[in-house]
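Written out below as structure tokens is the structure these notes cover.
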Amino acid sequence: MAVLLDPLRGGDASASELERKGGEESSAIGESRRDIQSPPQGGRPAVTDTLAKAIPAAFAFTLLLAAWEFYARYGGIAPTMLPAPSRVLLQAWENRAALAENTLPTIRATSAGFACSLVAAFILSVLVDFLAPLRRALFPLLIVSQTLPLVAIAPLIVLWFGFGLMPKILLVALVTFFPMMVALVEGFAATSKEISQMLAAMGAGRWRIFWLARLPSALPYFFAGLRISITYAVVGAIFAEYAGAAKGLGIYMLNAKNNFRPDLVLAAVAVSAALTLALFGLAVLVQRLAMPWENAGSESNDRKSGPAGRAGHDAA
Amino acid sequence: MTRLELRDISKSFGALEVLAGISLHVAAGEFVSILGPSGAGKSTLFQLLTGALKGEGDMRFDGAPLQGSPFAFMPQRDALMPWRRVIDNVTLGLEVQGVSRRAAREQVAPLFAEFGLAGFEHAWPAELSGGMRQRAALLRTVVQQRDMLLLDEPFGALDALTRAGMQRWLEGMWRRHRWTALLITHDVREAVYLSDRIYLLSARPARIISEIAVPLPRPRTTGSDTARQAAVLEAEILDTLLNPSTDRTSFPQTVQRSFS
């Protein structure tokens, strides 16, 4: 994932170590300092710059595939054990109709589950922000929910809710809800105290302050959480299908495995990986559009880190 | 005419006594500073004024008990919202007052030149230099058209050179507009440079140990004579703050000091 994170700029206020690394790397790689005294024109690093940053990743990926291909072809391994990438690709193409037919339900389950999870995370995080005791009531529950092993839970949820869309939505929500919820709650709390105080002095009420300050302050955190949880979404849907479904990439993988077709399993894996990458890219794109100020100026990074570096100021 | 009058303001957080009987006043069109060590409770005083905290004592504005907020408050640092363009940061106070965004923009746009921000209306705050951010923050404060400005260490986060530049600029702006202003600072030079009067605060629990008039002629940018007088005054203030003699602290009442 780190390979992917590098070219797609990570946020500065990210919730995980992984994300943080991505953010630092990309901001270290020359954000052109603009002349501060002349009005800004709003430029962006050239496309070639982005492409240049992707070269090492592409090289590593190609090398890995080449080594695999070489080993599978000349290592005396049976294709039913380890198929070569070329074979996977070929079989994927030959079975494209079946793959597509099984990909659509997975996309449907992923997007429905993720949408539900997103809405629930937003509503609950707002409630928690307004009602502090709710946080103490909910968070232990949520943390416990993250300790449940999917392998055990998925068949049970299918048992309770059948083979329809419902168990998939639930499982996707189970794995994606937590990072977004935590990110939102922490994002609200990360609102600069000075901005809140100033708004209060201007005569703004609690809702007004939430709308004008807390919500926008949470955006970088929210997108950090979104980027993490969206990578779990497809996997969650596939797990649910694996446990029981009429159609879907999960059940397709299971059948292919039972028919001793690792090439088709890997083809389905490739499709699911592509889905995740596409969703991740979409999240980054939405973040860029939603936070146009993110890439503005060179001091934005230290500004966002909040009231640090001002310790020991007028206590009380 | 006295605008703001505080009588015997006290504030404790539990057992921690922060303010111990602060009395001060600010006349209309006067620039008054509160100068004291870090952690003395200067910001607590502002929070009492803006209503963020409740304390004991009598607060009067234009003779009547303080109600609502006649103040426009400029917090430490600039508190510009990174997600709003500069012009939308500046109109924030007007928007909170219920002015439509469009009307508010029209109202503030002509002021950008005077504040040295022409051409930056639609920039993001992150694209501004430190001094420009402070000017934007001050513009956001004054366009609220409240009766009095509260400035909480507005230049504390700036480098020395930028800070000196901003102090000169603010003095010039003040001479033109004659805002009634109360400034919190721990920068002696800043207080002497900008103020008509200075209240010196003791360390916590804060009481006023001295009230100092600054009779230096304005503008204060010119003349070695002014600079010499200012230097004498600064030295005296530093002496008072760093070596508070016992007799002075035992008299919490203000000690009127004249300088000529």
Side-chain angles (χ1 to χ4, degrees), chain A residues 12-13 31 33-43 187 191-205 207-209 211-220 290-316, chain B residues 11 13 16 18-19 36 38-44 46-47 49-53 68-69 71-85 92-97 118-130 132-133 137 140-141 144 150 152-153 156-157 184 186 204:
Chain A
D12 336 73
E31 277 189 15
R33 211 164 231 285
R34 68 162 35 106
D35 180 17
I36 240 144
Q37 293 304 332
S38 68
Q41 283 109 37
T191 308
S192 140
K193 237 170 81 187
E194 275 156 9
I195 289 181
S196 309
Q197 263 178 26
M198 178 190 69
L199 281 169
M202 285 171 172
W207 264 109
R208 203 70 186 268
I209 293 177
W211 179 251
L212 286 173
R214 295 182 81 81
L215 197 59
S217 295
L219 274 181
M291 300 170 53
W293 62 88
E294 264 291 84
N295 293 319
S298 43
E299 359 169 299
S300 55
N301 290 348
D302 30 335
R303 286 281 167 188
K304 219 157 292 130
S305 59
R310 216 164 2 106
H313 216 107
D314 280 22
Chain B
K11 174 71 190 170
F13 295 96
L16 183 71
V18 178
L19 301 177
S38 284
K42 303 188 294 285
S43 292
T44 305
F46 268 14
Q47 284 175 297
L49 286 173
T50 56
L53 291 173
S69 182
F71 309 111
F73 172 55
M74 180 169 170
Q76 289 174 4
R77 292 200 166 189
D78 48 56
L80 292 178
M81 297 177 169
W83 56 85
R84 282 180 159 235
R85 294 183 185 274
L92 191 65
L94 296 172
E95 272 180 60
V96 171
Q97 284 170 26
F120 285 89
E121 289 87 344
H122 295 280
W124 299 108
E127 292 169 320
L128 265 52
S129 68
M132 295 174 82
R133 293 176 66 107
R140 178 190 58 200
T141 312
Q144 295 173 47
L150 298 181
D152 188 356
E153 294 192 24
I184 281 181
H186 53 216
R204 203 169 55 218

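In what follows, chains are A, B, ... by sequence order, proteins preceding strands, each numbered from 1.
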> To the nearest 0.5 Å, what is the distance between CG (A:Leu199) and CZ (B:Phe73)?
Replying inline: 11.0 Å
> Just wondering, do B:Trp124 and A:Pro292 contact through their side chains at under 4.5 Å, heavy atoms?
Replying inline: yes
> Quick one: CH2 on A:Trp293 to CZ on B:Arg84, what's the gap to the nearest 0.5 Å?
Replying inline: 11.0 Å
> Could you give the distance from CD (B:Gln47) to CD (A:Gln197), rounded to the nearest 0.5 Å?
Replying inline: 4.5 Å
>> Distance check, rounded to the nearest 0.5 Å: A:Met198 atom CE versus B:Thr50 atom OG1?
In response: 12.0 Å
> Side chain, backbone, both or neither: which part of A:Ala200 has a non-hydrogen atom closer than 4.5 Å to chain B?
Replying inline: neither
> Measuring heavy-atom distances to chain A, does B:Arg85 have an atom under 4.5 Å in its side chain, in its backbone, in both, or in neither?
Replying inline: neither
> How far apart are the closest heavy atoms of B:Arg77 and A:Glu194, and which atoms are they?
Replying inline: CB-OE1, 3.9 Å
> Is chain B contacted by the side chain of A:Leu219, its backbone, both, or neither, given a heavy-atom distance below 4.5 Å?
Replying inline: neither
> Who passes side chain to side chain donor-acceptor pair (under 3.5 Å) against B:Gln144, sequence neighbours left out?
Replying inline: none
> Taking only residues two or more places apart in sequence or in another chain, which ones pass ring-ring contact (aromatic ring centres under 6.0 Å, His included) with B:Phe71?
Replying inline: B:Phe61
> Heavy-atom distance under 4.5 Å to chain A: side chain of B:Leu80, backbone, both or neither?
Replying inline: backbone
> If you round to the nearest 0.5 Å, how far is CE of B:Met81 from OG of A:Ser192?
Replying inline: 8.5 Å
